[in-house]
Amino acid sequence: PVIPFLGFLVLSLTGLKLPRTAIATIGAGSVGLSALLSCLVAFSFFSGSTEQMGVVLWQWMDVAGFSPEFGFRLDALSLAFVLVITVIGFFIHLYSTEFMYEEPGYGRFFAAMNLFVSAMLILVMANNLALLYLGWEGVGLCSYLLIGFYFQDSNNGQAAQKAFIVTRIGDTALGIGLFLLFARLGTLGLSG
């Protein structure tokens with residue numbers, strides 16, 4: 001998730017000043033690099049005897065026994081999703097470099113697409129439900145941004161608002177479920 005996120009940051013901060021070929025290279029290239037790394041990890045994963053891998057980067061907070069980690073885990077199921085997200089995402093980005101070429105907001109489009117890929121990767125690789133929720137929220141935000149990309153047309157703006165409101169209902173239900181799980185089990189860790 002770091003590489004597409006860095007692509008998002010670069011495009012967000014400089015996307016209006018870069019030529020379209022640089023935007024396309026950063027946008028599609030960051031996801032392509034993630035796809036390549038995902039394939040290398042998959043090869044390593046399936047050629048070894050490991051059933052799952054994990055890394056904890058840092059601990060978010062420690063409040064009254066709630067101490068979620070910012071960490072990732074990779075098992076066969078999450079690896080399958082990672083491959084789908086990065087490989088298919090790369091081809092979508094690659095197609096979009098030409099399809100969207102004449103559109104205003106080219107940099108904004110690729111910034112949102114890179115953030116979308118990064119959020120999906122966080123969602124499927126999170127080692128706890130709090131981080132999964134962060135990925136879920138990122139995917140919801142990017143859905144809103146991409147549905148409303150052509151916001152000048154009021155129908156698209158209304159569709160984006162409708163999607164935003166509907167997903168907030170799901171977010172609220174998921175949030176309540178996370179609170180109930182933590183109250184009952186004392187953890188949001190997937191292994192726990």
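The first residue in the sequence is number 1, and the count goes up from there.
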Which atom of [X] lies closest to which atom of [Y], heavy atoms considered:
{"X": "Gly27", "Y": "Asn114", "answer": "O-ND2, 3.0 Å"}
{"X": "Phe90", "Y": "Ala35", "answer": "CB-CB, 4.4 Å"}
{"X": "Ala112", "Y": "Cys142", "answer": "O-SG, 3.8 Å"}
{"X": "Ile23", "Y": "Leu18", "answer": "CD1-O, 3.7 Å"}
{"X": "Leu83", "Y": "Ala42", "answer": "CD1-CB, 3.9 Å"}
{"X": "Pro1", "Y": "Ser118", "answer": "O-OG, 2.9 Å"}

Treating Ile, Leu, Val, Met, Phe, Trp and Tyr as nodes and any side-chain heavy-atom pair under 4.5 angstrom as an edge, say whether [X] and [Y] lie in one connected cluster.
{"X": "Ile147", "Y": "Phe149", "result": "no"}
{"X": "Tyr101", "Y": "Leu146", "result": "yes"}
{"X": "Val84", "Y": "Leu36", "result": "no"}
{"X": "Leu77", "Y": "Val124", "result": "yes"}
{"X": "Phe151", "Y": "Phe116", "result": "no"}

_Derivation and outcome, ring-ring contact (aromatic ring centres under 6.0 Å, His included), residues Phe110 and Tyr106_ = CA-CA 7 Å; Phe110 279 102; Tyr106 192 69; 5.0 Å; yes
*Measure the CE-OG distance between Met125 and Ser38 for me, rounded to the nearest 0.5 Å.*
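That separation rounds to 7.5 Å.
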Quick check: do [X] and [Y] have side-chain heavy atoms less than 4.5 Å from each other?
{"X": "Val82", "Y": "Ile85", "value": "no"}
{"X": "Ile176", "Y": "Leu180", "value": "yes"}
{"X": "Phe81", "Y": "Leu123", "value": "no"}

*Take atom CZ in Phe46; do more than 12 heavy atoms of anything else shown fall under 6.0 Å from it?*
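Yes.
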_Tell me whether the count of non-hydrogen atoms from other residues, nucleotides or ligands lying under 6.0 Å of CD in Glu102 goes above 12._
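No.
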*Transitive ILVMFWY cluster of Leu9 at side-chain heavy atoms under 4.5 Å: who else is in it?*
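Its cluster partners, ordered by chain and number, are Val2, Phe5, Leu6, Phe8, Leu115, Leu141, Tyr144, Leu145, Phe164.
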*Please walk me through it: do Thr167 and Ser143 pass side chain to side chain contact (heavy atoms under 4.5 Å, CB included)?*
CA-CA 9 Å; Thr167 55; Ser143 296; 5.9 Å; no
*asked:* Looking at Arg168 and Glu137, is there a salt bridge between them, counting it only when a charged N and a carboxylate O are closer than 4.0 Å?
replied: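 Salt bridge present between Glu137 and Arg168.
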